[in-house]
K.L.:
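Take a look at the following structure, please.
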Amino acid sequence: MKVAVSSSGGDLDSQIDPRFGRCAYFIIVETDDMSFEVFNNENIALGGGAGIQSGQFVASKGAKIIITGNAGPNAVRTLSAAGVEVIVGQAGTVRQAIENYKNGKLENTTEANVADHYGMGSQSAQSPMGGMGMGGGMGMGRGGGMGRGRGMGMGRGRGMGMGAGMPASGPVSPSQPKSAPLPKGEELKRLKDQANDLLKQMENIESSIKDLEKK
């Protein structure tokens, strides 16, 4: 069976990346012989929809399980719709995670454990509830349902967390200059555009699901 793991490096002894949608790499392991493939995550710098795109990518590679640290609602819905089981809350190395799965120590879930857009404001690992960028987003996003989750959750969470700017790719070095915060009107417009993009992506996914159910 193929199991995908969000990874911070390119081998089995790399640490699990706590961010699913914006992890550095995806390592897909064949559990029968521990052979594996490594893929750069091209969705790491997306302004929105990273969880959806990453979920579709993992499914396209034939993985039946994803092991990660944190996954938001959009990612979990996308993975579940594609028949990929989701295991969250994991840390340690990729190899340890695979061994724990093979030994029956891990349980899958159908619930997200962070809000959408977790990990956007910083490339460092952070607790789901502890980061400024995600604190407001989670409270408003998950409390208010689908529409409110994407609109209010993203606005509150990313409005606070984007001050440092999002890197184009890869980890941020200490000496890398940080971009200045955008004017309020421009930031609001960008957030609304990204919310509309996410809504369109979810509509496309839901339409595809309905088409498949009819066949």
K.L.:
What distance separates T78 OG1 from I205 CD1, expressed to the nearest 0.5 Å?
P.N.:
3.5 Å
K.L.:
Taking atom CG of D11 and atom CZ of F36, what is their separation to the nearest 0.5 Å?
P.N.:
6.0 Å
K.L.:
If you measure from CD on Q56 to NZ on K61, what distance do you get to the nearest 0.5 Å?
P.N.:
13.5 Å
K.L.:
Which pairs count as salt bridge (Lys or Arg N to Asp or Glu O under 4.0 Å) when at least one residue sits in residues 78-99, sequence neighbours excluded?
P.N.:
D13-R95
K.L.:
Kindly compute the distance separating CG (N70) from CG (N113), expressed to the nearest 0.5 Å.
P.N.:
4.5 Å
K.L.:
Is it the case that one hydrophobic cluster holds both I16 and V38, taking links as side-chain heavy atoms less than 4.5 Å apart, direct or via other members?
P.N.:
yes
K.L.:
Taking everything shown except K102 itself, do over 12 heavy atoms lie less than 6.0 Å from its NZ?
P.N.:
yes
K.L.:
Suppose we call two aromatic rings close when their centres sit under 6.0 Å apart. Are F26 and F20 close by that rule?
P.N.:
yes
K.L.:
Where do I98 and L12 land on the side-chain contact (heavy atoms from CB on, under 4.5 Å) test, with the steps shown first?
P.N.:
CA-CA 9 Å; I98 296 297; L12 296 182; 5.6 Å; no
K.L.:
Name all residues meeting the side-chain contact (heavy atoms from CB on, under 4.5 Å) criterion together with A4; count only those two or more places apart in sequence or in a different chain, and write none if there are none.
P.N.:
I28, V58, A63, I66
K.L.:
Kindly compute the distance separating CG (N41) from SG (C23), expressed to the nearest 0.5 Å.
P.N.:
4.5 Å
K.L.:
Does the side chain of V3 reach to within under 4.5 Å of the side chain of K64, using non-hydrogen atoms?
P.N.:
no
K.L.:
Where do L46 and R22 come nearest, in terms of heavy atoms and distance?
P.N.:
O-NH2, 2.9 Å
K.L.:
Would you say N74 and M202 make side-chain contact, with heavy atoms under 4.5 Å?
P.N.:
yes
K.L.:
For M1, does the CE atom sit with more than 12 other heavy atoms under 6.0 Å from it, leaving out its own atoms?
P.N.:
no
K.L.:
According to the salt bridge (Lys or Arg N to Asp or Glu O under 4.0 Å) rule, which pairs have a member within residues 26-48, sequence neighbours left out?
P.N.:
none
K.L.:
Between V86 and N108, is any pair of side-chain heavy atoms under 4.5 Å apart?
P.N.:
no
K.L.:
May I ask you to test the Y25-D17 pair for a side-chain heavy-atom distance under 4.5 Å?
P.N.:
no
